[in-house]
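We name chains A, B, ... by the order of the sequence lines, and we start the count at 1 in each one.
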Amino acid sequence: MTQWLNALPTLITFAPLIGLAVLLFLPQDKTRAHRMVGIAGTLPSLVLALVMFGRFDPLKQGLQWAQSIPWFDIPLGLINRQAPATKLVFNYSMGVDGLSMPLVVLTCLVATLAAIASVYVKQRTKAYYTLLLLLLVGMNGVFLSANFFLFFIFFEVTLVAAFFLIGIWGFLGREKAANHFLLYNGLGSGFLLFAMIGLLLLSGSLDYATIQQQAGGLVKQVHLLEPQQVSLVWLIFISLIVAFAIKLPMFPFHSWMLRVHVEAPTPVVMIHSGVLLKMGAYGLIRFGVGFFPGLMDRAATVLAVLGLVNILYGAILAFVETELKRVLAYSSVSHMGIILFGLVAMNEAGLKGAVFQSVSHGLISALLFFIVGSLYERTKTTELNELGGLAKPMPILSGLLLFGGMALLGLPGLSGFISEFMAFLGLFQERPVVAAVGALGLVLASAYTLRACLKTTFGPLKERFSDMADVKGWEVGSLFTLVFLIVVIGVYPAVLAYPMEQTLEVILAGIGG
Amino acid sequence: MEQILLDFDLRVMAPELVIVSAAALLSIIDLLLKESRSRKVIGWFGLAAVVLAGVFVAMAFGHEPYQILADTYRIDSFSLMFKAILLAGTAGVFLFSLASGKEEWKSREGEYYYLLLTALLGAMVMVSSADLITLFVGLELLSLSSYILVGIRKERGEANEAAWKYVVLGGVSSAFILYGMSFAYGLAGSTNLFEISRRFAEGMGGSGHLFIYLSLFLMMVGFGFKVAFVPFHMWAPDVYQGASTPIAAFLAIVSKTAAFAFIIRVLLVAYSPLMSDASWMEVVSWMLMIVAALSMILGNTIALRQTNAKRLMAYSSIAQAGYLVVPFATIGLVPFDLFPSMLFYLVAYLFMTFGAFVVIEFVTKDRGHGGISAFAGLSRRSPWLAAAMTLFLISLAGLPLTAGFFGKFYLITSTLFNNQEWLAAVMILTTIVSYYYYFGIVRQMYFLPPYSDQKVPVPWLATIAILLGVGGTIGLGLFPEPLLTFIGELDWTSVLSIASSGAPQ
């Protein structure tokens, strides 16, 4: 039993491959079967992730269910004559800690719901679900790997899978969106690769634990290093930040993400906005704050200002946009700024807020894009000016949209509130001015969310929408799962906060208090 | 003691002897066979010879370095490893040629197969000799055979044009190499690389100093033509496009590998005294690094604008040549750094390029033109073929779980370990540029509607060839360990050792 559990991270990651294998043997035209297998294929991961959540020991520090198997190594005798016996070791290391655990649960949940929401995908369903399951493998792998090399591989798997999902099943501008996605994220991976090899150079192994020891030690004694090494450390750090800033996305790098939000099929946007963007936040915390606390501290001002730009710029544009998906896309930009705020605060409240915001925004945007997908299926438009009065024909959907909006703008009692509150609390302790200006974003958030919700659900009802059917049972079920979780986190945040305490303590100890 | 020919153990030359006797035998069989008979049997026989030679090479691994005939033929880790790559590549090309039918030039099919063998023989001589004369003979044997192979579809205008360009530029490059060799000989008074090295060591700093560099640069220019790096790359796109696809694959894989082996051997052995010289780092190393960077940048950016699949592969191969020059440019003081990463990349390159060429051949043949739009909607016509091609392209682009990713990762790692951050940055950035055109084909296959509903016909032999490519590409991507260990444990210093000429133990 324990033996079996030890492989839990591996099992969660690769469980979707069962569904994927079954899919490959189904004939092309059995759409219903593809759908069933596709949804069922995400379930083993979800169940295992919940088991993991249940059995996670919040009092233990470090990785749980850690597993490390030697994968391959590069003999170093030829490269470095000074140390002929050493070699670069690459391990297959998996494990989970308080930081990744909530994100894994989020990933599995959003993936299952996205698979359900994909009912509206009608073409080439076999390939669609195959790629969706592959994407799930990649996402879980990203959060569950305990080795940078492995992380990078899974990171790229998500890139390739998402490229196809956007480019084949998206809306009109899908190809352009897929290209943008590929090139921007490719650039990000390039920086990541550079940082990875740099870290390899510094620490000789890419296991998180080793890097933390080696690189952390190096960075703490920056004044003792040779100038060349100092510049290398800075190069690595900046590459890391840029790589994840593109993924998050941080202000000047956000254009690809808008396209994807608008052009990708809505279930993929659920995953994209709900999980893929969070990989950026995860990377910044795990690698930026975790490995280079000293440098992060020095870069904090710049990042805080960029976070501020994210918040305000996103919020203002979300207020001006007239298309629902674009409004939500800009609101994502704005909310990612809040994650940055939490991050650069570099204290317990701030980091907790950043993780909370990741999970909470993941749930909320999954909810909202699920709704947008269902809405589009009925109205065939997401232009705010063409919508209106939908509360009458579709009371449940409209109600849920309003609920999602409330969660998004941070209504107390819902998950959005607690996460924004903590992120801002953290930053107020460190940089009160930036935080105060950033708080304006919260005001704007109320404005743009309410505007979007009201324009959709209230006002005069358009003739052609009058006999629209409300959401079906399975949609209600999925949506209420998300609603339930948003409320639970909002009312009882300890469910999320407690497991991550030990992990954050370790990170904070690295920062040095 | 004077040695005569019979004092040497000629059995060590078994791989070459197999190839040369097969080529001779096949040319006679070709004459005797009736005009109407299919020449496929010659191809199968040739493939068998290549495999047999491969077995001999495999058996020779692990012995002490050994040389016969005053270093004109050497057996060391270097020659064996490169020979293994050459044989594997040629075997693939044989399989590929047998799979793709050749109605239009059936009468010359026999010729085609034994010329492939002689080209291979030339390449094998190039990797296993440490004497300028034999090196040059090998080079010419490879080149002359390839000129004919490129132009063998003589009814086609583009094949003629390709062959013509290849002959002229190839001739020029041979001339450069020969001219460089003549300076080396003039300075050292010997064609033996070890002897040259000794004389160069004595002559460094003297009046001959400049001429030593001159000879090196001239040889580099010729080498540049052969591997097609910038600025000597212009012939590649036309030749790749005009030649039949198996021959394009042969040029990209076998010919290039042999040229790399040639220049590495010459540089490491004959010019080793220069490496301890400060001007090496300042001049040669920098020159090579700039050439590598330019190849990567130009190859990858010009490829963006290509609409013909084979031209695209040609520019991609120019870029790949740039990546391959990198370890070689950064060698500096520890010359054996370059082998593991370079060889791994060569092996990876072999699998993915070969696979991509096979798919291109059958897809473009089915469509009737060589544009990348021939790939439109392939995922709906032949999903498995499209998946295989995607894998090869992903590998060429250097994305994970493929041999290409790991190869590039290894190259970039060694570059960073050699403190060339800017070059590593160029490698990474150009790789990202390359995503765009590799994924351009992917886009055609998956995003666009097909031009017909018919499956693309792929003969079973080609299926085997593609599966080999897929196996190698994924296998090395997931489990690089065996190859890494194997390459890592070979004794690379044996390149420099003046080996005994006794019988191998």
Side-chain angles (χ1 to χ4, degrees), chain A residues 24 28 70-82 87-88 90 123-124 126-127 130-131 138 149-150 152-157 159-160 163-164 166-170 174-175 178-179 182-194 196-198 200-201 228 231-232 235-236 239, chain B residues 333-341 344 379-380 383 386-387 390 394 397-402 405-406 408-410 412-419 421 424-425 427-436 439-440 442-443 446-448 477-485 487-489 492-493:
Chain A
L24 287 182
Q28 285 285 352
W71 186 8
F72 62 87
D73 41 45
I74 296 181
L76 249 192
L78 295 175
I79 294 178
N80 185 351
R81 276 296 146 98
Q82 277 84 47
K87 53 190 178 182
L88 299 175
F90 294 84
Q123 283 179 332
R124 298 163 79 182
K126 180 177 168 180
T130 310
L131 286 164
F149 191 73
L150 216 53
F152 183 80
I153 287 177
F154 285 119
F155 195 80
E156 298 290 286
V157 170
L159 178 67
V160 174
F163 168 79
F164 284 109
I166 297 165
I168 302 180
W169 291 275
R174 55 180 177 262
E175 283 185 33
N179 271 346
L182 183 74
L183 288 183
Y184 267 91
N185 285 282
L187 194 65
S189 324
F191 279 103
L192 200 58
L193 183 65
F194 187 87
M196 174 169 86
I197 298 174
L200 186 63
L201 195 68
Q228 205 198 358
S231 68
L232 180 67
L235 264 178
I236 295 171
S239 303
Chain B
L333 292 174
V334 198
F336 302 104
D337 284 4
L338 78 132
F339 288 114
S341 57
F344 191 95
S379 69
R380 281 184 250 185
T390 308
I394 282 180
L399 284 164
L401 295 184
T402 60
F405 164 69
F406 193 76
K408 251 179 207 160
F409 170 75
Y410 199 0
I412 296 171
T413 306
S414 334
T415 314
L416 269 180
F417 270 77
N418 281 316
N419 293 322
E421 281 90 356
M427 291 165 88
I428 293 175
L429 287 176
T430 53
T431 300
I432 292 154
V433 172
S434 76
Y435 286 4
Y436 193 83
F439 275 83
V442 173
R443 210 155 39 236
Y446 284 87
F447 297 179
L448 297 181
L478 285 179
F479 306 105
E481 171 82 39
L483 183 62
L484 278 175
T485 317
I487 298 177
E489 281 173 359
W492 294 110
T493 49

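- In plain terms, the two heavy atoms of A:Val157 and B:Leu401 that are nearest each other are CG2-CD1, 4.1 Å.
- Heavy-atom distances place no part of B:Thr485 under 4.5 Å from chain A, backbone and side chain included.
- For an aromatic pair to be called close, the ring centres must be under 6.0 Å apart, and B:Tyr435 with A:Phe163 fails this.
- B:Phe447 approaches A:Gly167 most closely through the heavy-atom pair CZ-CA, 3.3 Å.
- A:Ala127 does not touch chain B: none of its heavy atoms, backbone or side chain, sits under 4.5 Å away.
- Looking at every heavy atom in both residues, B:Leu399 comes nearest to A:Glu156 through CD2-OE1, 2.8 Å.
- Residues B:Leu416 and A:Leu201 come closest through the heavy atom pair O-CD2, 4.1 Å.
- Within the 4.5 angstrom heavy-atom criterion, only side-chain atoms of B:Pro383, from C-beta onward, approach chain A.
- Heavy atoms of B:Phe409 lying under 4.5 Å from chain A belong to its backbone as well as its side chain.
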If you apply the rule side chain to side chain contact (heavy atoms under 4.5 Å, CB included), what do you find for A:Arg124 with B:Arg380, and how did you get there? CA-CA 9 Å; A:Arg124 298 163 79 182; B:Arg380 281 184 250 185; 3.3 Å; yes
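- Heavy atoms only, all atoms of each residue included: B:Ile432 and A:Gly190 are closest at CD1-CA, 3.7 Å.
- The aromatic ring centres of A:Phe90 and B:Tyr410 sit 6.0 Å or more apart.
- Nearest heavy atom pair, residue A:Trp71 against residue B:Leu478, reads NE1-O, 2.7 Å.
- The aromatic rings of A:Phe72 and B:Phe406 stand perpendicular to each other, their planes meeting at an angle above 60°, with 30° marking the opposite boundary.
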